[in-house]
Amino acid sequence: MLIRTRNESDPLPSEITPRSVYLDRRRFLASASAAGVIAALGLAAPRGAARAAATFADIAPSPFSTDEAMTDYRSVTTYNNFYELGTDKGDPARNAHRLRTRPWAVVVDGLVRRPATIDIDDLLRDYRMEERIYRLRCVEAWSMVIPWVGFPLAALLDRVEPLGSARFVAFETLLDPEQMPGQRLRILDWPYVEGLRLDEARHPLTILAVGLYGEVLPGQNGAPVRLVVPWKYGFKSIKSIVRISLTEEMPPTSWNRSAPQEYGFYANVNPEVDHPRWSQRRERRIGEFRRRDTLMFNGYGDAVASLYAGMDLRTWY
Ligand SMILES: Nc1nc2c(c(=O)[nH]1)N[C@H]1C(S)=C(S)[C@@H](COP(=O)(O)O)O[C@H]1N2
Ligand SMILES: [Mo]
């Protein structure tokens, strides 16, 4: 969330992967049974890609997807915000090798009938994965279009059976300064925490992502499991989640706690409400030169505006 006047690492438009190229490549990966074939053809550029392709190549695109041009894989995985792995956009990719994503468990507890500790590999086995191509719009006025692999958070919430008293969902990132050197600095109160109202968490657009571009989620993007809420600013999409707790009270969120006048609990993308230090009216899609107008709810208004009926979105920013 640091302010920068210029980003040397901003990718160039020439690096954009046309959607058709990705789809052709994905079709090929789906049909190629031997990982060796993929590697031999040099398609498995990111490490672990061959194994990942075997995991996610056959999933169906979701009807919730946008059909906009996707941001190229390299930008999605080298231009990141993940302060536990460094505050420069390129740091998370450089430091992601420190993150150990196995074994990994997610605790789901709080106001639920059946609290559970779920191993990440059971999570991958037990839920039906879909590809959702979503826009991610960050508060720093840049955006990307990313083909996520994931499943609705609602499916996991159903499994633990929230009690009638549950009104919010609190999320927590791993706390381990050995793996996450940024946690040795007091940039934020660690661990990183986030929250959603229960109806937002149950909305069909809200997913837990475990992959992108048909591959296992890279560490810098929040491996092994992160939240994606496409109508909210990117900082709501908490990475490397270890705990999901149902609560009655509105939970604290990292950015709201550190700068409450700048970052509210809701953080719905809203071109009408400026960040105190800059406008939120326009954004730069990574890979494009000309800025575009930012859309209310990041363009997902038809699906989510009713969640906020009667609320003053200037007060509840
Ligand atoms: N644990 C954790 N989650 C986090 C962050 C972080 O610093 N730590 N940064 C947030 C911010 S500010 C943004 S814009 C998005 C960026 O996601 P991406 O790097 O996959 O594009 O992650 C969000 N999730
Ligand atoms: Mo952000």
Side-chain angles (χ1 to χ4, degrees), residues 62-66 106-112 127 130 132-139 143 146 148 150-173 192-210 222 225-257 260 262-273 280 294-317:
S62 158
F64 292 103
S65 296
T66 169
V106 181
V107 174
V108 192
D109 65 358
L111 300 173
V112 298
Y127 293 89
E130 300 170 26
R132 303 269 188 109
I133 304 170
Y134 278 167
R135 289 178 289 271
L136 187 76
R137 202 291 194 183
C138 294
V139 80
S143 62
I146 303 174
W148 301 102
F151 61 92
L153 173 61
L156 179 63
L157 296 175
D158 284 344
R159 169 165 165 182
V160 296
E161 299 179 23
L163 300 174
S165 52
R167 292 183 57 228
F168 292 92
V169 185
F171 303 85
E172 202 175 295
T173 292
Y192 195 99
V193 291
E194 255 307 334
L196 294 173
R197 219 169 55 193
L198 184 55
D199 59 341
E200 298 176 321
R202 300 194 66 96
H203 193 281
L205 287 177
T206 303
I207 58 169
L208 286 175
V210 295
V225 56
R226 61 88 64 78
L227 188 66
V228 179
V229 194
W231 70 94
K232 293 181 181 281
Y233 289 111
F235 65 89
K236 297 297 282 185
S237 48
I238 181 173
K239 297 176 169 181
S240 304
I241 297 168
V242 293
R243 181 178 226 110
I244 299 174
S245 303
L246 286 278
T247 66
E248 190 168 354
E249 303 296 324
M250 184 182 277
T253 76
S254 283
W255 285 106
N256 176 249
R257 206 157 51 183
E262 299 184 22
Y263 311 107
F265 175 83
Y266 284 93
N268 293 318
V269 172
N270 188 344
E272 305 295 323
V273 176
Q280 292 285 11
T294 289
L295 303 174
M296 187 66 200
F297 297 115
N298 203 21
Y300 295 94
D302 287 350
V304 301
S306 62
L307 294 174
Y308 311 101
M311 282 174 68
D312 179 353
L313 297 179
R314 289 185 175 274
T315 310
W316 300 103
Y317 58 89

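Residue numbers start at 1 and run along the sequence shown.
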Value rounded to 0.5 Å, distance of [atom1] in [X] from [atom2] in [Y]:
{"X": "R132", "Y": "I146", "atom1": "CZ", "atom2": "CD1", "answer": "15.0 Å"}
{"X": "F168", "Y": "L246", "atom1": "CZ", "atom2": "CG", "answer": "12.0 Å"}
{"X": "Y192", "Y": "S240", "atom1": "OH", "atom2": "OG", "answer": "11.5 Å"}
{"X": "M250", "Y": "R197", "atom1": "CE", "atom2": "CZ", "answer": "8.0 Å"}
{"X": "I238", "Y": "R243", "atom1": "CD1", "atom2": "CZ", "answer": "12.5 Å"}
{"X": "W231", "Y": "L307", "atom1": "CH2", "atom2": "CG", "answer": "6.0 Å"}

Heavy atoms, side chains only, cut-off 4.5 Å: are [X] and [Y] in contact?
{"X": "Y233", "Y": "Y317", "value": "no"}
{"X": "V193", "Y": "R257", "value": "yes"}
{"X": "P271", "Y": "M296", "value": "yes"}
{"X": "T294", "Y": "V269", "value": "yes"}
{"X": "P251", "Y": "F265", "value": "yes"}
{"X": "V169", "Y": "T247", "value": "no"}

[X] versus [Y], closest heavy-atom pair with distance:
{"X": "L208", "Y": "I241", "value": "CD2-CD1, 3.9 Å"}
{"X": "P162", "Y": "A166", "value": "CB-CB, 4.3 Å"}
{"X": "K239", "Y": "G222", "value": "CB-CA, 3.3 Å"}
{"X": "H203", "Y": "A303", "value": "NE2-O, 2.9 Å"}
{"X": "S237", "Y": "R226", "value": "OG-NH2, 3.2 Å"}
{"X": "N268", "Y": "K232", "value": "OD1-NZ, 3.0 Å"}

Assess whether ring-ring contact (aromatic ring centres under 6.0 Å, His included) is satisfied between Y263 and W255, documenting all intermediate values. CA-CA 6 Å; Y263 311 107; W255 285 106; 5.5 Å; yes
State which residue, out of I244, V242, T253, fulfils the side-chain contact (heavy atoms from CB on, under 4.5 Å) condition with F171. I244
Out of the candidates L153, L196, L136, L205, only one should pair with V229 under the side-chain contact (heavy atoms from CB on, under 4.5 Å) rule; please name it. L196
Quick check against the 3.5 Å criterion: does [X] have a side-chain atom that pairs as donor or acceptor with the backbone of [Y]?
{"X": "K236", "Y": "Y266", "result": "no"}
{"X": "S143", "Y": "R137", "result": "no"}
{"X": "R135", "Y": "T66", "result": "no"}

Answer yes or no: does atom CZ of R202 have more than 12 heavy-atom neighbours from other residues, nucleotides or ligands under 6.0 Å? yes
Within a reach of under 6.0 Å around CG of D302, are more than 12 heavy atoms found that belong to other residues, nucleotides or ligands? no
With no hydrogens and no angle check, do the side chains of E200 and Y308 hold a donor and an acceptor under 3.5 Å apart? yes
For the residue pair Y134 and Y300, categorise the inter-ring angle as parallel (less than 30°), tilted (30 to 60°) or perpendicular (more than 60°). perpendicular
Look at the rings of F151 and Y127 and say which category their plane angle falls in: under 30° parallel, 30 to 60° tilted, over 60° perpendicular. parallel
Any chance you could lay out the side chain to side chain contact (heavy atoms under 4.5 Å, CB included) test for E272 and L313, step after step, and finish with the verdict? CA-CA 9 Å; E272 305 295 323; L313 297 179; over 6 Å; no
Report the C-alpha separation of V139 and Q280 in whole Å, then their side-chain angles, then the decisive distance to 0.1 Å, and conclude whether the side chain to side chain contact (heavy atoms under 4.5 Å, CB included) test is met. CA-CA 7 Å; V139 80; Q280 292 285 11; 2.9 Å; yes
